[in-house]
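What follows is one structure encoded as structure tokens, with my remarks underneath.
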Amino acid sequence: RWVLSLQCKGSRNFMSALRRAVEVDFKDKDKHKSQGLYLLTTGIPDQETHTVSAYVGEVCKGFDLQLHVCLFSVMEDADSSGIIPARYSNPTETAMAFKEIVRAANGRFHWFGEAGIFESDDITVIVSEMEKANNYSQKCALLVESLKQRS
């Protein structure tokens with residue numbers, strides 16, 4: 001169920017946007033079977049990462065929801081309106097901050113840019129499953145070969 005789109009209008013005031021989403025959309029949480037928040041962003045929140053992580057952890061536990069982040073890395077320091085955010089970090093630091101925030105919210109992290117996908121929790125899980133399947137396949141092949149040699 002998609003209910004709310006929040007824009008921070010020239011800032012990255014994540015705490016205010018999350019507070020608004022929780023107060024507006026999750027006050028009737030018992031009526032919903034599952035809840036999730038999806039943050040689409042191009043940069044680090046205005047607030048310090050540890051503060052956001054602690055707040056997100058408490059909110060997500062209290063409302064039984066997950067926060068998922070899609071970080072899009074752009075090449076410019078300013079957004080399309082020319083406004084420079086209150087807090088700046090390079091793309092790698094931004095990704096590390098959002099990974100910490102997402103872990104506190106029991107969510108998933110996805111990082112992409114103009115060049116493609118840099119990191120995705122979903123893709124990591126799929127690759128891990130493929131590696132396990134390949135490992136099992138190799139073990140089965142060795143077992144079959146061993147049985148053939150015995151007979």
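Once rounded to the nearest 0.5 Å, the distance linking CZ of Phe72 with OG1 of Thr41 reads 11.5 Å. To the nearest 0.5 Å, the span separating CG on Asn135 from CD on Gln138 amounts to 6.0 Å. Here the OG-CD distance, from Ser16 to Gln47, works out to 8.0 Å after rounding to the nearest 0.5 Å. With rounding to the nearest 0.5 Å, the separation of CD in Glu129 from CG in Asn134 is 12.5 Å.
Aromatic rings from Phe118 and Phe112 are positioned such that their centres are separated by 6.0 Å or more.
Residues Val52 and Met15 approach most closely at CA-SD, 4.0 Å, considering heavy atoms. The two residues Ala105 and Val56 come nearest to each other via the heavy atoms CB-CG1, 3.1 Å. Nearest heavy-atom pair, Ser73 versus Trp111, reported as atom, atom and distance to 0.1 Å: OG-NE1, 2.5 Å. Closest of all the heavy-atom pairs between Phe98 and Gly43 is CE1-O, 3.2 Å. In plain terms, the two heavy atoms of Asp121 and Gly107 that are nearest each other are OD2-O, 4.2 Å. Closest heavy-atom contact between Ala97 and Ile44: CB-CD1, 3.7 Å.
Among residue pairs with one or both ends in residues 126-151, none qualify as ring-ring contact (aromatic ring centres under 6.0 Å, His included); sequence neighbours excluded.
Under the side-chain contact (heavy atoms from CB on, under 4.5 Å) criterion, Ser120 pairs with His110, Ile117, Asp122, Ile123, not counting sequence neighbours. With sequence neighbours left out, Asn106 forms a side-chain contact (heavy atoms from CB on, under 4.5 Å) with Gln66.
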Query raised in the report: Would Thr42 and Leu71 count as a side-chain contact (heavy atoms from CB on, under 4.5 Å) if you check the C-alpha gap in whole Å, the side-chain angles of each, and the deciding distance to 0.1 Å?
Result: CA-CA 6 Å; Thr42 58; Leu71 172 63; 5.7 Å; no
Report task. Would you sort out whether Arg108 and Val125 count as a side-chain contact (heavy atoms from CB on, under 4.5 Å), showing the intermediate values? Result -> CA-CA 11 Å; Arg108 297 187 321 268; Val125 169; over 6 Å; no
Requested in this report: Check the pair Phe14 / Asp46 against side-chain contact (heavy atoms from CB on, under 4.5 Å), numbers first and verdict last.
Outcome: CA-CA 7 Å; Phe14 175 79; Asp46 289 345; over 6 Å; no
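Cation-pi geometry between Arg103 and Phe109 is not met: the NZ or CZ atom fails to fall both under 6.0 Å from the ring centre and inside 45° of the normal.
Side-chain atoms of Ser53 come within 3.5 Å of backbone atoms of Thr49 as a donor-acceptor pair (strictly under, hydrogens ignored). Although no hydrogens or angles enter the test, the distance criterion places a donor-acceptor pair under 3.5 Å between the side chain of Glu93 and the main chain of Asn90.
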